[in-house]
Amino acid sequence: MLIMAIYRLGTFLPAPFVSYSNVKVCLDQQGEANLLTMMNMFSGGALLQLSVFALGIMPYITASIIVQLMRVVIPRFEELHKEGQTGQAKLTEYTRYLTIFLAILQASVMVTTANSLLFQLCTVDPIPNATPGKYLIAICTITAGTALVMWLGEQITERGIGNGMSLLIFTGIAASFPSMLVNVYQSDGGLSRLLIVLAMFLAITLVVVFVEQSQRRIPVQYAKRVIGRRTYGGTSTYIPIKINMANVIPVIFASSILALPQMIMQFGDQNAGWVQWLARNYVASSPWYLATYFLLIVFFAFFYTSITFNPEEIADNMKRYGGFVPGIRAGQPTADYLRYVINRINWVGALYLATIALIPQLVFNAMGIQSMSFGGTSIIILVGVGLQTVKDVDAQLQQRHYEGFLR
C-alpha cells in the first residue's frame with residue numbers, strides 16, 4: 001500500500017522545467033481519445049502531466065512483450081526460457097536493460113515534442129523557454145522515474161502479494177475512474193448518462209468475471225511406474241486452458257497499430273486527399289476505425305497465443321513423465337489435439353475481447369461523449385488483477401491456517 005501511495009505521489013510531481021499550469025491548459029484542449037490517452041490512463045494520468053513517473057510501467061510491459069516475441073526469432077532466448085530459474089533470471093536482466101533503453105527513447109520523444117506534437121494546437125508551452133540543457137535534465141529525470149517504478153513493482157512481486165507490475169497498472173487505471181465519471185456527469189445529460197455508463201460497466205464486469213474464471217480442462221492421466229519398492233504416478237489431473245489466454249495484449253497491439261495513421265497525418269500535407277481521408281476515416285467514431293480495430297484484435301489474439309502457448313513443449317513434458325490425454329496417443333498426436341482445442345477456444349476468446357473493447361466505444365459514440373479512454377480494456381485489467389489478487393491473498397491465508405474468504 002505504501003508503494004502504491006508513492007506511485008500516485010510521483011504522478012503529480014512535475015518533471016524539471018515543466019509548467020504544471022500550462023500543462024493543465026493544454027490538457028483542457030485535448031481532442032479525441034487515442035493511443036496517447038490510453039497510455040495516459042495506464043499511467044494514472046502521469047503521461048500527459050509530464051510528471052516524474054510520466055512513462056509509468058509501460059516501458060517495462062513493452063520490454064517484456066518484446067523479450068517474449070524474441071523467443072521466436074532468437075534461439076538463444078528460447079534456450080534461456082527452457083533453462084528454468086537461471087534462464088529466467090537472465091531474461092529478466094535483458095528485460096531491465098531494454099526497459100531503460102525504451103524509457104530513454106520514449107522520454108526523449110515526449111519531452112522534445114511537448115511544445116509541438118504532444119499537445120497539438122496548444123496556445124501555451126508546457127516547457128517554457130525550452131533549451132537542450134532543460135530537455136536533457138527532464139529526460140534523465142523521467143528515465144530515472146521509470147527505473148524507480150520498475151524497482152517498486154519488483155519489490156511488490158518479491159516481498160508482497162501478487163504481481164507488482166499488474167498492481168501498479170491497476171492503481172493507475174483505478175485512479176482515473178472517478179474523474180471519468182465526473183466528466184460524464186458534467187456532460188449533456190448529466191445523471192441519466194452517468195447511470196447508463198455505470199450500468200454498462202457493471203454488465204461488462206459481470207461478463208468479464210464469468211469469462212476470465214472460465215476454463216477448458218483437458219484431462220491428463222499419469223501411468224503408474226514402479227521404482228524399487230515404490231509405485232509412482234497413477235494420478236489424474238487436467239490442463240486448465242483459459243478462454244482469453246492473450247489477456248489485453250491484443251488490444252494494446254491493435255491500439256498501437258491504429259495510432260500510426262494519426263502520426264502519419266501530422267507529417268503530411270494537410271490539404272492532400274489521402275491525409276483528409278485518414279482524418280475522416282481513422283478517428284475513434286469512424287466505422288472504418290472500429291472495423292479495423294475489431295479485426296486487429298482478433299488477429300493479435302491468435303498471434304500472441306501461438307507464441308506463448310507451445311503445444312509441442314507441453315506434449316513432450318507429458319510424455320517424459322508418463323502422462324497422456326485419455327484416448328489420445330502421447331507425443332505428436334497430443335500436440336495436434338492441444339493445438340486443435342486452442343484454435344477453437346481462441347475464436348471465442350478473440351471475439352469476446354474484441355466485443356468488450358468495442359462496446360464502450362460504441363456506447364460513447366452514440367451518446368456523443370468524446371475523449372473517453374476508459375473502456376472495456378480497463379475493466380478487463382481491473383477485474384483480472386482484482387481476481388488474481390484475491391486468489392493470492394486467499395492462498396496466503398490458507399498457508400497460515402486461516403479460513404479464506406473464497407468459499
Side-chain angles (χ1 to χ4, degrees), residues 34-36 38-43 46-47 53-111 139 142-154 156-157 163-170 172-173 244-260 263 293 296-310 313 346 350 353 357 377 380-381 384-385:
N34 51 25
L35 177 66
L36 200 63
M38 187 182 75
M39 294 175 62
N40 183 58
M41 175 195 64
F42 284 166
S43 64
L47 177 64
F53 290 166
L55 298 179
I57 204 66
M58 288 302 292
Y60 185 87
I61 296 173
T62 306
S64 301
I65 295 173
I66 292 175
V67 169
Q68 281 188 330
L69 296 178
M70 286 297 103
R71 287 166 44 193
V72 182
V73 182
I74 303 177
R76 174 59 180 164
F77 279 58
E78 184 64 25
E79 293 175 3
L80 290 173
H81 176 70
K82 295 179 179 179
E83 286 182 4
Q85 188 174 359
T86 305
Q88 289 296 331
K90 199 67 178 177
L91 289 176
T92 302
E93 183 180 349
Y94 291 155
T95 303
R96 291 169 180 166
Y97 292 144
L98 185 57
T99 300
I100 299 300
F101 172 76
L102 292 176
I104 295 173
L105 183 64
Q106 294 179 16
S108 301
V109 173
M110 183 179 66
V111 171
I139 291 169
I142 293 175
T143 303
T146 302
L148 178 59
V149 170
M150 178 176 63
W151 180 80
L152 291 175
E154 291 180 350
I156 295 178
T157 303
N163 185 283
M165 306 305 172
S166 299
L167 287 173
L168 292 183
I169 297 176
F170 178 95
I173 296 176
N244 177 27
M245 295 189 65
N247 211 342
V248 294
I249 301 300
V251 179
I252 297 175
F253 280 2
S255 302
S256 302
I257 297 296
L258 286 177
L260 293 178
M263 295 176 59
Y293 192 35
L296 284 175
I297 292 175
V298 173
F299 168 76
F300 282 119
F302 279 89
F303 174 74
Y304 189 75
T305 302
S306 66
I307 292 175
T308 56
F309 187 87
N310 190 344
E313 182 180 353
N346 260 348
L353 197 60
T377 308
I380 294 174
I381 295 175
V385 175

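Numbers for residues simply follow the sequence, beginning at 1.
Nearest heavy atoms, Met165 versus Ile57: SD-CD1, 3.2 Å. The minimum heavy-atom distance between Ala107 and Ile139, with the atom names listed, is O-CG1, 3.8 Å. Across all their heavy atoms, Phe77 and Met70 have their closest contact at CD2-CB, 3.9 Å. The shortest heavy-atom contact between Pro59 and Ala103 is CB-N, 4.3 Å. Taking each heavy atom of Ala254 and Leu296 in turn, the nearest pair found is CB-CB, 3.7 Å. Between Ala350 and Ile297, the shortest heavy-atom contact is O-CG2, 4.4 Å.
A distance-only check finds a donor-acceptor pair linking the side chain of Thr157 to the backbone of Gly164 [under 3.5 Å].
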For residues 84-91, dump all side-chain donor-acceptor pairs below 3.5 Å to protein atoms at least two apart in sequence or in another chain.
{"residue": "Gln88", "atom": "NE2", "partner": "His81", "partner atom": "ND1", "Å": "3.1"}

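Separating the OG1 atom in Thr305 from the CZ atom in Phe302 is a distance of 8.0 Å, to the nearest 0.5 Å. Atom CG in Leu69 sits 4.5 Å away from atom CD1 in Ile307 (nearest 0.5 Å). Expressed to the nearest 0.5 Å, how far CD1 of Ile173 lies from CD1 of Ile381 amounts to 4.0 Å. We find the CE-CD1 distance between Met58 and Ile169 to be 7.0 Å, quoted to the nearest 0.5 Å. Between the OG1 atom in Thr143 and the CG atom in Leu105 there is a gap of 10.0 Å [rounded to 0.5 Å].
Within the 4.5 Å cutoff, side-chain heavy atoms of Gln68 are placed close to those of Tyr304. Residues Leu353 and Ile380 are in side-chain contact: their nearest non-hydrogen atoms beyond the backbone lie under 4.5 Å apart.
Exactly one of Thr62, Thr99, Ile142 qualifies for a side chain to side chain contact (heavy atoms under 4.5 Å, CB included) with Leu55. That residue is Ile142.
Scored by the side chain to side chain contact (heavy atoms under 4.5 Å, CB included) test, Ser166 finds Asn163, Val385 as partners (sequence neighbours excluded). By the side chain to side chain contact (heavy atoms under 4.5 Å, CB included) test, Phe101 is found to be paired with Leu98, residues two or more places apart in sequence or in another chain being considered.
Using a 30° and 60° split on the angle between ring planes, Phe303 and Phe300 fall in the perpendicular class, above 60°.
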From CA spacing to verdict: side-chain contact (heavy atoms from CB on, under 4.5 Å), Tyr60, Leu102: CA-CA 8 Å; Tyr60 185 87; Leu102 292 176; over 6 Å; no
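A salt bridge is absent between Glu93 and Arg96: the closest approach of a Lys/Arg side-chain nitrogen to an acidic carboxylate oxygen does not fall below 4.0 angstrom.
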